[in-house]
Amino acid sequence: MNTEQNGSLRLSELKTGSEGIIIKVLGHGSFRKRITEMGFVKGKNVKVIKNAPLQDPVEYEIMGYMVSLRRSEANLVEVVAAGNTSSLPDVPFEGMIDEETLKISAQEKGKIINVALVGNPNSGKTTLFNHASGSHERVGNYSGVTVEAKQASMKKSSYTFRITDLPGTYSITEYSPEELFVRVHIMEKMPDIVVNVIDASNLERNLFLTTQLIDMNIKVIIALNMYDELEQKGATFDYTSLGKMIGIPVIPTIASKGNGIDELLDKIIEVYEDKDPIVRHIHINYGNVIEKAIARIQEPIRENKDITDKYSSRYLSIKLLEGDKTTLHLLESCANADKIKDATGKGIREVETEYKDKSETVITDAKYGFISGALGETYDAGKEKNRKKKLDIDDVLTHKIWGFPVFIFFLWVMFQATFTLGNYPMEWIDAGVTWFSDFVQRILPEGALRDLIVNGIIGGVGSVIIFIPNILILFFFISLMEDTGYMARASFIMDKLMHKVGLHGKSFIPLIMGFGCNVPAIMATRTLKNRKDRMLTMLIIPFMSCSARLPVYILLISAFFPHQQGLVMFSMYIIGILVAILMALILKNTIFAKAEAPFVMELPPYRIPTLRNTSIHMWDKGKQYLKKMGTVILLASVIIWALGYYPRNVQYSQNYDTLATEISNNAQLSAKEKENQTAQILVDRESERQEKSYIGQLGHFIEPAIRPLGFDWKIGVSILTGMAAKEVVVSTMGILYQAGTDTDETSGSLKQKIAEQTFTSGERAGQKVFSPLVAFTLMLFVLIYVPCIATIVAIGRESSWKWALFSIGYTVALAWILSFMTYQVGLIL
Ligand code: GDP
Ligand code: MG
């Protein structure tokens, strides 16, 4: 384009041996970034080392380096060359062109900014165009097939603006010649800056076009025109915030009066020079299914560098999903066109089965969801609102005040259903596990193998399996909230509140999921695009008391707080949330300190969920939990069992066998007494054996560290094994506190045993281990310390192992400190 307009060339047109100075780099954002990193920046001298007509790549020398560029890349670099400056009117031509003249002419040409005005019909483009080019040097028409655009150039400061007034469109698809014209202009002529003229009195419809410009990943400035009308309506619009959220500077204008046009031109210069801090490329979030499809299509597109240098692969993928013929045609020439088509077909099918709607419609809906989210936070219609006849459902659900009670009610229903409905299948599974355990006990001969299967595997995994119904029900509700679109509203209303602790609304969903199971919660943080927000959320999710901690609470609360059960249970959840808030505040002000760009919280349209889809989504989340059962918990159970079962050749302090014989031979005892005493001896022996087993030794080893918390070595062992999964704390206590020789005893008798436990050594030997204070301290410790291996693994996979280790370290330290304080303060009281 520019060849005939301002006498500049493309780098690819330079002949071998000749030199040029770079004026600008065109093409798509990431290409520009890459090539500028290589040294191709405005004003730099570049020399062609070898450029044969059919040769690719071409070799250049820039800043003393040899660089080879593909011809398609070199075609996107604008230069001014020695033989070419004659066409410049400003530069005196004196036969010979020296370096200095070349520099000056390059500078001149770098000061030409090509601007395109894009916007809906009647948004005021032409008015703006006429005002801006008031002192125009040249106004001309240039035509497409059936439509035409006006062009004018004018000067301001040291810059020359070449402004093109494009035809008005509501969208940049391919339905009308105007739309296609605008699209070709943007994609092929590559203006330096696109000014998106928006009618401020009709923001929602006008911003739709903006979302398409965002997808294109080009430099955009919004002229918020007809600002007078917005003010007249009594509406308020925080356009600065909106600009920050979408990464596009917004300048209010009243084109008909010429207001704001100077500011707009200044902003154009600023953005052209890359000096505006607001400008950044954002992604509109189209939801999981579409995002997955986009990523899949991007992959084969990225193999075609000549394409991705010019166009954003994300944009092309979105277009393909919309079924855009022009894009399909463009990509037809690619070597891997078939692969791209396959990925597209697959993506469209997936989107359409998920949403039961055309994928184009789904994408449009998502764009409007993005817009209503963005406006929901920044736009207040003021008086106009009262004129609206129909009350919108979102007027209640995202209301500043009414939104909260509704939300809390939904949460209450969710947790209520989780625990009440979940109790029935829980009992059945419990009965099934017991039956199976007894069955195996009966058919297998006594020995290590039977012990492993019954006490290790069935005992360990079985104590966890019973929570599956609760977890699935919880996930069903969460999926339901997501599928209907309500979850987005919940995040939206939580956003302001979350900001106070340095998080934002989107962190809220993973945190809520954490109450079910931390593992899928960690994975759910993927919706957070900002790395710091994501890390921070991952690090505090473990304080959301997951359902695995419930058995510990139930056991200890029923044993030591029979009269305040509900209250103590509730306090655990609240303490967890408070600790999370506290840690978020601390981390945000230390490790993760840094201002970050705000972003839009989409409000997607409400959808009627199908049982099938919601069940699939529930299952996707539940699978993670089941996997944990089959892997980590199984392995941990076996290890813990082995550590407790071996060594077998224990040196007992007394001969239990003789004691047993003595009892059975004692004629003074009744049959009933004999039975009881024999049972007691067996328990005592097993207890001593446990203490001398590897795990017992380990417990004794860490005892000094946990004594200040009021814990004995058995609690120590339970805490250690609980790192595998928190339910294991209870099953370990079941083994160590020996509620009878049968470890499958119900917690009913386990809780009595716990209450009777005494210290076996140390200065407190003989005293009771547990008191309500110790029980509370232990619950607190279990709440806060290392969530479980599966969660740690999830953190490691989603971030890095460094963070996984950090998570272990800081949760243990925090648990110890808080438990210590609680216990010591409690003792004084
Ligand atoms: P285009 O279709 O985008 O080129 O829009 P026009 O420039 O033709 O403008 C459409 C109408 O809006 C004209 O009557 C303008 O006078 C009017 N207009 C343009 N800008 C403003 C503005 O900032 N405020 C108001 N109130 N009217 C404007
Ligand atoms: Mg017009």
Side-chain angles (χ1 to χ4, degrees), residues 114-136 138-144 146-154 161-173 175-186 189 191 193-213 218 220-240 242-243 248-268 371 375 379 381-384 387:
N114 295 305
V115 178
L117 299 182
V118 174
N120 289 11
N122 290 317
S123 56
K125 291 181 303 301
T126 306
T127 316
L128 191 88
F129 175 84
N130 288 337
H131 256 283
S133 58
S135 62
H136 61 251
R138 183 166 64 105
V139 179
N141 290 326
Y142 100 83
S143 354
T146 58
V147 277
E148 52 179 29
K150 264 204 278 250
Q151 251 181 0
S153 19
M154 42 92 52
F161 290 79
R162 290 171 184 280
I163 307 177
T164 311
D165 180 20
L166 292 170
T169 55
Y170 292 108
S171 156
I172 310 179
T173 44
Y175 289 125
S176 68
E178 286 83 7
E179 290 182 1
L180 213 50
F181 186 83
V182 171
R183 175 154 144 187
V184 169
H185 184 91
I186 296 175
K189 304 257 168 181
I193 308 276
V194 169
V195 171
N196 182 197
V197 183
I198 281 179
D199 174 357
S201 62
N202 198 342
L203 286 169
E204 197 170 1
R205 197 191 61 200
N206 277 259
L207 282 170
F208 185 74
L209 186 62
T210 314
T211 61
Q212 294 180 322
L213 297 173
I218 49 177
V220 180
I221 296 175
I222 289 176
L224 186 63
N225 197 35
M226 312 228 179
Y227 197 67
D228 51 336
E229 291 198 0
L230 182 136
E231 283 179 322
Q232 257 167 34
K233 281 200 297 190
T236 48
F237 180 32
D238 184 359
Y239 56 83
T240 320
L242 180 98
I248 297 176
V250 182
I251 306 292
T253 58
I254 306 171
S256 50
K257 292 188 193 149
N259 293 3
I261 291 179
D262 269 338
E263 289 84 348
L264 180 66
L265 294 176
D266 287 341
K267 189 52 90 181
I268 291 174
I371 294 168
L375 290 180
Y379 183 73
K383 288 181 297 191
E384 184 204 24
R387 273 191 269 131

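Note that ligands are numbered from 1 as they come in the structure, with each ligand's atoms numbered from 1 the same way. The figures here come from the full heavy-atom set of this structure, side chains too, leaving out hydrogens, waters and symmetry mates.
In terms of polar-atom proximity, defined here as any N/O pair under 3.5 Å, Gly124 does make such a contact with ligand 1. For ligand 1, the polar-atom distance check against Lys125 finds a nitrogen or oxygen pair separated by under 3.5 Å. Considering backbone and side-chain N/O of Pro121, none are found under 3.5 Å from N/O of ligand 1.
Looking at Leu128 and Leu264, their side chains come closer than 4.5 Å, going by heavy atoms from C-beta outward. Residues Glu179 and Ile172 have side chains not in contact (no heavy-atom distance under 4.5 Å, counting atoms from C-beta outward). Using a 4.5 Å cut-off on side-chain heavy atoms (C-beta onward), Leu242 and Tyr379 make no contact.
Here Asn120 has backbone heavy atoms under 4.0 Å from ligand 1, and that is the only part of it that gets that close. When non-hydrogen atoms are compared, ligand 1 lies under 4.0 Å from the backbone of Asn122 as well as from its side chain. Heavy atoms of Ser123 found under 4.0 angstrom from ligand 1 belong to the backbone as well as the side chain. Counting heavy atoms closer than 4.0 Å to ligand 1, residue Lys257 contributes nothing at all.
Under 3.5 Å, the side chains of Asn225 and Ser123 contain no donor-acceptor pair of N or O atoms. Thr169 and Glu178 form no side-chain donor-acceptor contact under 3.5 Å, judged by distance and modelled atom types alone.
Atoms of ligand 1 found under 4.0 Å from any heavy atom of Ser256 (numbered from 1 in listed order, with element): 20 (N), 21 (C), 22 (C), 23 (O), 24 (N), 25 (C), 27 (N), 28 (C). Every atom of ligand 1 is numbered from 1 in the order shown, and the set under 4.0 Å from a heavy atom of Ile254 is 22 (C), 23 (O), 24 (N). Short contacts between ligand 1 and Glu229, defined as distances under 4.0 Å to a heavy atom of the residue, involve ligand atoms 26 (N). Each of the atoms 6 (P), 7 (O), 9 (O), 15 (C), 19 (C) of ligand 1 lies under 4.0 Å from some heavy atom of Thr127. Within ligand 1, the atoms closer than 4.0 Å to a non-hydrogen atom of Asp228 are 22 (C), 23 (O), 24 (N), 25 (C), 26 (N), numbered from 1 in the order shown.
The structure places CG of Asn259 at 8.5 Å from OG1 of Thr253, a figure rounded to the nearest 0.5 Å.
Aromatic rings from Tyr227 and Tyr239 are positioned such that their centres are separated by under 6.0 Å.
Among residues two or more places apart in sequence or in another chain, the side chain to side chain contact (heavy atoms under 4.5 Å, CB included) test is passed with Asp262 by Lys156.
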